[in-house]
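Before any comments, here is the structure.
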There are 2 protein chains.
Amino acid sequence: MTADAQISRIKPGRRTDIRRENERVILDAAEKVFAEAGFGGATMQLIADMAGLPKANLHYYFATKEDLYRKVVQQIFEIWLDAAMLFDDAPGPVEGIGGYIDAKMDISRTHPHGSKVWASEVMHGAPVIQDYLETTLRDWTEGRIKAIQRWIDEGKMRPVNPRHLLYMLWATTQHYADFGHQIQTLNDGKPLSDRQWQEAKASVKELVLRGIGAI
Amino acid sequence: MTADAQISRIKPGRRTDIRRENERVILDAAEKVFAEAGFGGATMQLIADMAGLPKANLHYYFATKEDLYRKVVQQIFEIWLDAAMLFDDAPGPVEGIGGYIDAKMDISRTHPHGSKVWASEVMHGAPVIQDYLETTLRDWTEGRIKAIQRWIDEGKMRPVNPRHLLYMLWATTQHYADFGHQIQTLNDGKPLSDRQWQEAKASVKELVLRGIGAI
DNA sequence: CTTCACTTTGACCATACGGTCAGGAAATGA
DNA sequence: TCATTTCCTGACCGTATGGTCAAAGTGAAG
């Protein structure tokens with residue numbers, strides 16, 4: 001992070017880069033603090049300390065706490081949408097759903113904070129991203145349901161309710177991020193190792209793919 | 001709720017009942033507010049308004065905000081533990097796991113607030129219930145893993161990783177409470193009907209039981 | 001060097017929050 | 001009736017928080 005800052009300041013170092021870099025540092029800090037303390041429990045001072053900047057500087061880049069929070073939520077949503085592309089262009093459920101599980105599990109490992117912020121936002125009634133749920137997410141969901149239904153019609157999987165299958169995919173994959181602390185506690189207090197993450201991915205994939213009769 | 005208050009005030013109406021009743025009203029209000037706003041976003045004033053009592057009265061029954069919060073978390077944990085009894089005394093996975101799914105799905109419908117408070121608590125690193133995770137939950141989990149392993153050894157289900165199976169059960173069932181708002185939004189803004197809840201339970205049970213090769 | 005836009009920040013403010021407390025009301029038992 | 005315990009609550013307090021602002025710092029362009 002610090003190294004990046006120095007690099008970007010040396011190489012094409014311009015005013016724009018200062019802004020871009022600081023916004024990134026602040027967003028990363030905010031994601032972590034919002035995840036660990038919730039929106040209400042997070043303070044601008046905590047985020048500032050985590051980012052290594054004075055509090056007033058945060059308000060120079062982000063007008064309000066809500067504004068900063070909104071950007072954090074949008075970020076994780078876009079990451080998930082990108083990963084969801086694996087669903088398309090897949091010939092069948094093994095590649096489509098299996099690949100989607102892989103991607104979402106990887107995100108749960110690399111972006112646990114973002115996942116928690118999203119979960120918290122939805123649990124509180126989605127006050128700032130309700131429009132996303134009603135537009136982008138709804139459209140995406142309907143599209144995926146159609147894809148699953150096609151696989152069912154083609155006999156590539158059993159006739160399960162596509163909607164509840166999607167919920168299960170979301171729930172199961174995000175659980176490893178949102179409830180990571182509980183999982184770690186039940187793992188003798190240690191984070192899952194590489195091998196254990198592989199095991200988790202394999203277990204989830206097998207349970208789901210066998211559950212829908214794709215293998 | 002009001003009726004209960006009147007009844008309990010008339011029937012065996014004693015000092016103890018006033019305390020019991022008020023504590024219940026406050027706990028119910030607190031559960032809802034903590035679920036909707038998070039610990040940091042919840043205020044004693046909001047809880048007091050929801051309970052229909054002056055704020056100072058809350059502090060008469062519960063010393064601090066943390067104290068009140070702790071009681072709320074303990075409550076949902078006990079409800080879940082009770083439901084988990086269905087796991088025991090079951091001859092096989094169809095009854096044991098199937099019954100557990102039924103029970104947890106019912107709780108997700110009847111106690112969505114408690115589930116959200118628990119999720120929020122764990123996501124924030126379980127600051128107040130870490131000891132529960134390390135003792136009661138860990139013991140319960142180990143016991144259930146043994147039970148599942150026994151079913152596997154008896155050939156009643158496929159050899160899946162019991163730990164990840166449990167995580168899937170928790171994730172999937174609690175998803176219907178924790179992400180209820182998202183599910184409702186994707187259901188044209190309407191809460192799931194009785195029929196839709198039946199469909200959800202059936203889908204989850206079939207996916208899981210088929211996934212583990214129990215049906 | 002001067003200019004000018006962009007960035008930084010310590011000091012400050014109004015508000016809202018958790019919690020306290022004194023004094024009164026209500027219930028109970030003798 | 002009176003004493004005692006329990007319950008109730010408006011008013012109050014110290015603190016922490018989100019946000020503001022004026023003044024200073026910085027560096028590229030002319």
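Every chain is numbered from 1, with letters handed out A, B, ... down the list of sequences.
In terms of position along DNA chain D, the nucleotide closest to B:Tyr61 lies nearer the 5' end than the nucleotide closest to the other residue of the pair B:Tyr61 and A:Ala56. Two residues, B:Asn57 and A:Ala42, neighbour DNA chain D, and the one matched to the more 5' nucleotide by heavy-atom proximity is B:Asn57.
At a cut-off of 3.5 angstrom, the base of D:dG19 holds no donor-acceptor pair with the side chain of A:Lys65.
A:Lys201 has a carboxylate O that lies under 4.0 Å from a charged side-chain N of A:Asp106, or vice versa, which qualifies the two as a salt bridge.
Computed from coordinates, the B:Arg20 CZ to D:dT6 P distance equals 16 Å when rounded to whole Å. One atom, CE of A:Met44, and another, C1' of C:dA16, lie 17 Å apart when rounded to the nearest Å. The distance from atom CG of A:Leu58 to atom C1' of C:dT7 is 14 Å, rounded to the nearest whole Å. The distance between atom CG of A:Asp17 and atom P of C:dT7, rounded to the nearest whole Å, is 11 Å. The CG-P distance, from B:Leu53 to D:dG10, rounds to 11 Å in whole Å. Summarising the geometry, the separation between NE2 on A:His59 and C1' on D:dT17 is reported as 10 Å, rounded to the nearest angstrom. Taking atom NZ of residue A:Lys55 and atom P of nucleotide D:dT20, one finds them 11 Å apart after rounding to whole Å. Going from atom CD of B:Glu23 over to atom C1' of D:dC8 covers 15 Å, rounded to whole Å.
A:Ile212 approaches A:Leu209 most closely through the heavy-atom pair CG1-O, 3.3 Å. Nearest heavy atom pair, residue B:Lys205 against residue B:Ile101, reads CG-CG2, 3.6 Å.
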Check against ring pair (Phe, Tyr, Trp, His ring centres under 6.0 Å), B:Trp170 and B:Tyr167: CA-CA 5 Å; B:Trp170 294 342; B:Tyr167 295 164; 5.8 Å; yes

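Regarding contacts with the backbone of C:dT7, a side-chain N or O of A:Arg19 is found under 4.0 angstrom from either OP1 or OP2. Of the side-chain N and O atoms in B:Tyr60, none sit less than 4.0 angstrom from OP1 or OP2 of D:dC8.
Residue contacts shown for B:Phe62 are absent, as no nucleic acid heavy atom lies under 4.0 Å away.
With B:Phe39 as the aromatic partner, B:Lys65 meets the cation-pi criteria of under 6.0 angstrom to the ring centre and within 45 degrees of the ring axis.
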